[in-house]
Every structure is written in C-alpha cells, then in structure tokens.
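Notes for the one structure printed next.
Here, residue 1 is the first one in the sequence, and each next residue gets the next number.
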Amino acid sequence: MMAGLLLSGTTIAAQSASSCSVLTGCERKICEKESELEKAKEYGDVSKILGLQNSLVHVKDSCAQNPNLTSAEYQADLKELREEYKEDLDDALDEYEDDLAEAKAEGKADKVARAKEKYEQKVQKVTDEYQRKLQLMQVVE
C-alpha cells in the first residue's frame with residue numbers, strides 16, 4: 001500500500017515537473033523548484049526541503065524584482081558579473097605587484113608585509129562583493 005502511495009506521488013511530481021517545461025523564465029524556475037520541493041517532501045529529506053524552501057524564496061524574490069528576465073539575459077548578466085570579478089581581482093593583483101616592487105626597492109620588510117596584507121584584504125573585499133551580487137542573482141557557486 002505504501003509503495004503505491006509513493007509511486008503515485010512520484011508520478012504526480014513527474015507530471016508537474018514535465019508541465020514546467022512548457023513555461024518560461026520565472027514561472028518555469030518557480031515551477032521546477034516547487035516540483036523538486038514536493039519530491040523532497042515525499043522522501044522526507046529534511047535538509048533538501050529546507051534548502052529548496054530557501055531557494056524558492058530567493059527565486060520568487062528575484063523574479064519579483066525582475067519578472068521579465070529571460071534565461072539568456074540571466075546568463076549574460078552572470079557572465080558580465082564574472083568578468084567584472086576577474087577584472088577586479090586582476091586590478092588588485094596589479095596594485096599589489098606595484099606596492100610590492102616599491103617596498104622591495106626601498107628594502108623595507110614592514111612595507112612588504114603591509115603590501116601583502118593590503119592585497120589579501122582587497123581580494124577578500126572583492127570576493128565578498130562578488131558573493132553578495134551572486135546571492136542577489138540567486139546563484140550559488
């Protein structure tokens with residue numbers, strides 16, 4: 001009896017997942033998350049349920065902020081964000097190399113240490129900002 005209930009629940013989840021394929025953009029993302037959530041509930045996977053509920057909230061929030069964003073636009077925005085992140089890291093490295101060369105030319109060990117510390121702080125700041133922007137886009141990397 002339980003197997004029959006589980007099987008019918010899986011069939012319902014599979015049917016609703018397949019119905020998501022006709023949707024686009026935010027509607028599709030929300031539909032897919034809701035279908036995954038139903039499956040997780042069927043299996044009693046508490047960790048997955050919590051993760052999917054959180055993800056669903058973020059997707060709905062993101063879609064509420066920009067409901068007309070297509071997948072192609074999203075991918076383009078994501079690519080632009082990654083390129084910006086790489087450029088910011090490259091800038092931080094260039095600045096560090098300049099500071100390091102200057103400190104070494106002066107022969108000051110404390111300046112070398114400060115240049116390294118400044119670089120590490122800059123990388124952390126750039127990375128934190130990148131992660132914040134990814135979260136706004138609802139992407140986890």
Side-chain angles (χ1 to χ4, degrees), residues 2-141:
M2 184 63 143
L5 289 175
L6 195 56
L7 182 59
S8 67
T10 303
T11 305
I12 291 169
Q15 287 173 342
S16 61
S18 67
S19 67
C20 295
S21 63
V22 298
L23 302 173
T24 60
C26 285
E27 291 176 340
R28 183 176 184 157
K29 289 178 190 177
I30 291 169
C31 180
E32 289 170 347
K33 290 293 178 193
E34 288 174 341
S35 294
E36 288 179 56
L37 182 58
E38 289 306 313
K39 273 188 200 175
K41 285 179 179 179
E42 288 173 18
Y43 290 106
D45 188 343
V46 176
S47 176
K48 187 145 186 131
I49 291 169
L50 293 174
L52 287 167
Q53 286 173 333
N54 186 39
S55 178
L56 185 58
V57 167
H58 288 297
V59 168
K60 285 180 177 180
D61 184 50
S62 177
C63 288
Q65 292 175 24
N66 194 352
N68 299 321
L69 188 66
T70 66
S71 183
E73 291 170 327
Y74 176 81
Q75 291 302 321
D77 287 350
L78 186 57
K79 182 180 179 185
E80 182 180 326
L81 179 61
R82 286 183 180 137
E83 288 170 358
E84 179 183 307
Y85 176 61
K86 184 184 178 309
E87 289 172 12
D88 288 347
L89 288 178
D90 289 344
D91 290 346
L93 181 60
D94 291 344
E95 186 179 328
Y96 168 67
E97 288 172 343
D98 292 344
D99 291 347
L100 186 61
E102 182 182 318
K104 284 183 177 181
E106 293 175 9
K108 296 185 177 181
D110 63 323
K111 255 191 153 178
V112 170
R114 279 197 304 263
K116 182 180 181 197
E117 184 178 322
K118 181 181 170 185
Y119 171 69
E120 289 171 350
Q121 289 172 350
K122 179 73 172 180
V123 167
Q124 186 62 51
K125 181 181 176 185
V126 167
T127 301
D128 289 348
E129 182 65 12
Y130 174 69
Q131 291 296 329
R132 185 188 69 76
K133 288 178 180 179
L134 281 177
Q135 284 182 335
L136 290 175
M137 292 181 70
Q138 312 312 319
V139 176
V140 179
E141 288 195 321

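- Considering every non-hydrogen atom in both K33 and L52, the closest pair reads CD-CD2, 4.3 Å.
- In this structure, the separation between CD on Q131 and OG1 on T127 is 7.5 Å, given to the nearest 0.5 Å.
- Taking D98 as the reference, nothing meets the side-chain contact (heavy atoms from CB on, under 4.5 Å) condition, with sequence neighbours excluded.
- Minimum heavy-atom separation, R28 to S21: NH1-O, 3.7 Å.
- Every residue meeting the side-chain contact (heavy atoms from CB on, under 4.5 Å) condition with E129, not counting sequence neighbours, appears here in chain and number order: R132, K133.
- Interatomic distance, D88 CG to Y130 OH, rounded to the nearest 0.5 Å: 11.5 Å.
- Residues D128 and K125 have side chains not in contact (no heavy-atom distance under 4.5 Å, counting atoms from C-beta outward).
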Could you tabulate the donor-acceptor pairs under 3.5 Å formed by side-chain atoms of residues 109-120, not counting sequence neighbours?
{"unit_1": "D110", "atom_1": "OD2", "unit_2": "R114", "atom_2": "NH1", "d": "3.2"}
{"unit_1": "K111", "atom_1": "NZ", "unit_2": "E102", "atom_2": "OE2", "d": "3.3"}
{"unit_1": "K111", "atom_1": "NZ", "unit_2": "E106", "atom_2": "OE1", "d": "2.9"}
{"unit_1": "K111", "atom_1": "NZ", "unit_2": "E106", "atom_2": "OE2", "d": "3.3"}
{"unit_1": "E117", "atom_1": "OE2", "unit_2": "Q121", "atom_2": "NE2", "d": "3.4"}
{"unit_1": "K118", "atom_1": "NZ", "unit_2": "E95", "atom_2": "OE2", "d": "3.0"}
{"unit_1": "K118", "atom_1": "NZ", "unit_2": "D99", "atom_2": "OD2", "d": "3.2"}

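- One finds the CD atom of E32 at 11.5 Å from the CG atom of L56 (value rounded to the nearest 0.5 Å).
- Atom CD of E36 is separated from atom CD1 of I49 by 12.5 Å, given to the nearest 0.5 angstrom.
- Considering only heavy atoms from C-beta on, K29 stays 4.5 Å or farther from C20 through its side chain.
- For the atom pair CZ (R82) and CD (E84), the distance works out to 13.0 Å, reported to the nearest 0.5 Å.
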